[in-house]
Structures are given as C-alpha cells and as structure tokens.
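Not measured: the values here are computed from a predicted model. Atoms considered below: every heavy atom in the structure, side chains included; atoms not considered: hydrogens, waters and symmetry mates. Positions are given from 1, in the same order as the sequence printed here.
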Amino acid sequence: MRLILTALIFAQGLMFLVLGLNFLIMPASAATGFNLAPDGPGGLAVLRADFPALFFVGGGAMIWGAWKRNGDLLLVPAAIFGIALFGRLVSVFADGTAPGFWFPMMVEAAAVVLTLIASRVLPHRVG
C-alpha cells in the first residue's frame, strides 16, 4: 500500500514539475492547453512566474514529502491543489463549464486525495 501510494504521488508530482517547466520554457504554447492567451510581455511574464511557482512547489512538495515520508509536507500540495479545485468549483456555479473542463478537476482532486491519505499513511516513527 505504501509503495503504491508513494509511486502514485511521485508520478503525479513529476507531471506537475513537467507542467511547470513547460510554462517556464514555452509559456505561450503551454497556455493554450489551459485556455489562456498571454497578452504581450506582461502576460508571458505572468505565465512564466505564477504557473511554475504553483506547479514546482506543489509537485516538488509531493515528491519530497513522499520521499521523506513527511505527512506535514504533504499537506502543502493538498492545500495548493485543494484551493485550485475550490476555484474550479466556484467557476462551475458562476460561469458554467466547457468541453474538457472536468479533467483538470479530476487531476486536482486526485492530488488532494492522494496527499491527504499519504499524510496519514506514509509517516513512520524511528526509534
């Protein structure tokens, strides 16, 4: 159970790191997959700053927390992706949905569930 949980968190954390790197290196093309359109140098700067911050911290904390079996550290990505999921839920009621709207919500929900479960299951006591 712990090995499978750790592997799932590593895989999802790595995916988030790749997404962050994609926004850092190719922000315009990464933005289209998120229904965003950068508006000049300011828009590109936001894409290069904010999205890598979200994905690097979230994905990095998932990987580091699972590796160290640190339950407290795993609460960081649970909070980050939980807030993102909450924002999407607000958008469902405020704006409606569009094709492909549910997939990112499932990814964020999976991150929240995995990290919350792992925050309780993975920590171990030594000596």
Side-chain angles (χ1 to χ4, degrees):
M1 172 70 170
R2 285 184 179 179
L3 181 62
I4 292 170
L5 191 57
T6 301
L8 289 172
I9 291 171
F10 263 77
Q12 196 170 32
L14 184 60
M15 178 199 68
F16 288 135
L17 291 178
V18 169
L19 282 171
L21 189 61
N22 196 27
F23 271 100
L24 189 63
I25 296 171
M26 302 178 300
S29 64
T32 60
F34 282 73
N35 294 318
L36 299 169
D39 186 19
L44 289 169
V46 167
L47 292 174
R48 280 196 175 104
D50 295 348
F51 283 88
L54 170 93
F55 289 128
F56 287 163
V57 172
M62 288 176 84
I63 292 169
W64 188 251
W67 178 261
K68 290 293 188 176
R69 294 187 175 189
N70 184 329
D72 291 338
L73 186 53
L74 289 169
L75 295 177
V76 172
I80 290 171
F81 297 115
I83 292 167
L85 180 60
F86 177 73
R88 289 189 195 273
L89 285 171
V90 169
S91 195
V92 165
F93 294 107
D95 310 316
T97 64
F101 189 87
W102 299 104
F103 181 72
M105 289 182 75
M106 291 187 307
V107 171
E108 291 158 355
V112 171
V113 169
L114 281 174
T115 53
L116 287 176
I117 291 171
S119 74
R120 302 292 179 234
V121 173
L122 291 183
H124 64 287
R125 307 287 181 241
V126 178

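- Between Val57 and Ile80, some side-chain heavy-atom pair lies under the 4.5 Å cut-off.
- Val112 approaches Gly82 most closely through the heavy-atom pair CG2-N, 3.3 Å.
- Through direct or relayed side-chain contacts under 4.5 Å between Ile, Leu, Val, Met, Phe, Trp and Tyr, Val90 connects to Phe86.
- Minimum interatomic distance between Gly60 and Leu17 (heavy atoms only, all atoms of both residues): N-CD2, 3.7 Å.
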Solution key, residues 23-37 side-chain donor-acceptor pairs under 3.5 Å, sequence neighbours excluded:
from, atom 1, to, atom 2, distance (Å)
Ser29, OG, Met26, O, 3.3
Thr32, OG1, Ser29, O, 2.7

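- Contact between Phe56 and Gly20 at its shortest, heavy atoms only, is CE2-C, 3.5 Å.
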Could you list the donor-acceptor pairs under 3.5 angstrom formed by side chains in residues 100-107, with sequence neighbours left out?
none

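- The shortest non-hydrogen separation linking Pro123 to Ala118 is CD-O, 3.4 Å.
- Hydrophobic cluster membership of Ile83, counting Ile, Leu, Val, Met, Phe, Trp and Tyr whose side-chain heavy atoms lie under 4.5 Å apart directly or via other members: none, as it forms a cluster of its own.
- Residue pairs meeting the salt bridge (charged side-chain N to carboxylate O under 4.0 Å, His left out) criterion with at least one partner in residues 17-41, sequence neighbours excluded, are absent.
- Neither Ile117 nor Leu85 shares a network with the other; the hydrophobic side chains, linked directly or stepwise wherever heavy atoms of I, L, V, M, F, W or Y lie under 4.5 Å apart, form separate groups for each.
- Pairs passing the side-chain hydrogen bond (donor to acceptor under 3.5 Å, both in side chains) check and including a residue from residues 86-95, sequence neighbours excluded, read Arg88-Glu108, Ser91-Asp95.
- Under the salt bridge (charged side-chain N to carboxylate O under 4.0 Å, His left out) criterion, no residue pair touches residues 4-13, with sequence neighbours excluded.
- Listed by chain and number, the residues in a side chain to side chain contact (heavy atoms under 4.5 Å, CB included) with Leu114 are Leu5, Leu8, Ile9, Gln12 (sequence neighbours excluded).
- Side-chain atoms of Trp64 and Leu73, non-hydrogen and from C-beta on, do get closer than 4.5 Å to each other.
- Neither Ile63 nor Val76 shares a network with the other; the hydrophobic side chains, linked directly or stepwise wherever heavy atoms of I, L, V, M, F, W or Y lie under 4.5 Å apart, form separate groups for each.
- Following chains of ILVMFWY side-chain contacts shorter than 4.5 Å, one can reach Met62 starting from Val113, so the two form part of one hydrophobic cluster.
- Note on residues 24-36: no pairs pass salt bridge (charged side-chain N to carboxylate O under 4.0 Å, His left out), not counting sequence neighbours.
- Using a 4.5 Å heavy-atom cutoff, the side chains of Leu116 and Leu75 are in contact.
- Within the hydrophobic cluster formed by Ile, Leu, Val, Met, Phe, Trp and Tyr side chains joined at under 4.5 Å, directly or through other members, Phe93 stands alone, with no partner residue.
- Every ring pair (Phe, Tyr, Trp, His ring centres under 6.0 Å) that Phe81 has, sequence neighbours left out, goes to Phe16.
- Leu21 and Phe55 are assigned to two separate hydrophobic clusters, defined by single-linkage of ILVMFWY side chains at heavy-atom distances under 4.5 Å.
- When every heavy atom of Ala66 is checked against every heavy atom of Leu74, the shortest pair comes out as N-CD2, 3.8 Å.
- Listed by first and then second residue, the salt bridge (charged side-chain N to carboxylate O under 4.0 Å, His left out) pairs involving residues 11-24 amount to none (not counting sequence neighbours).
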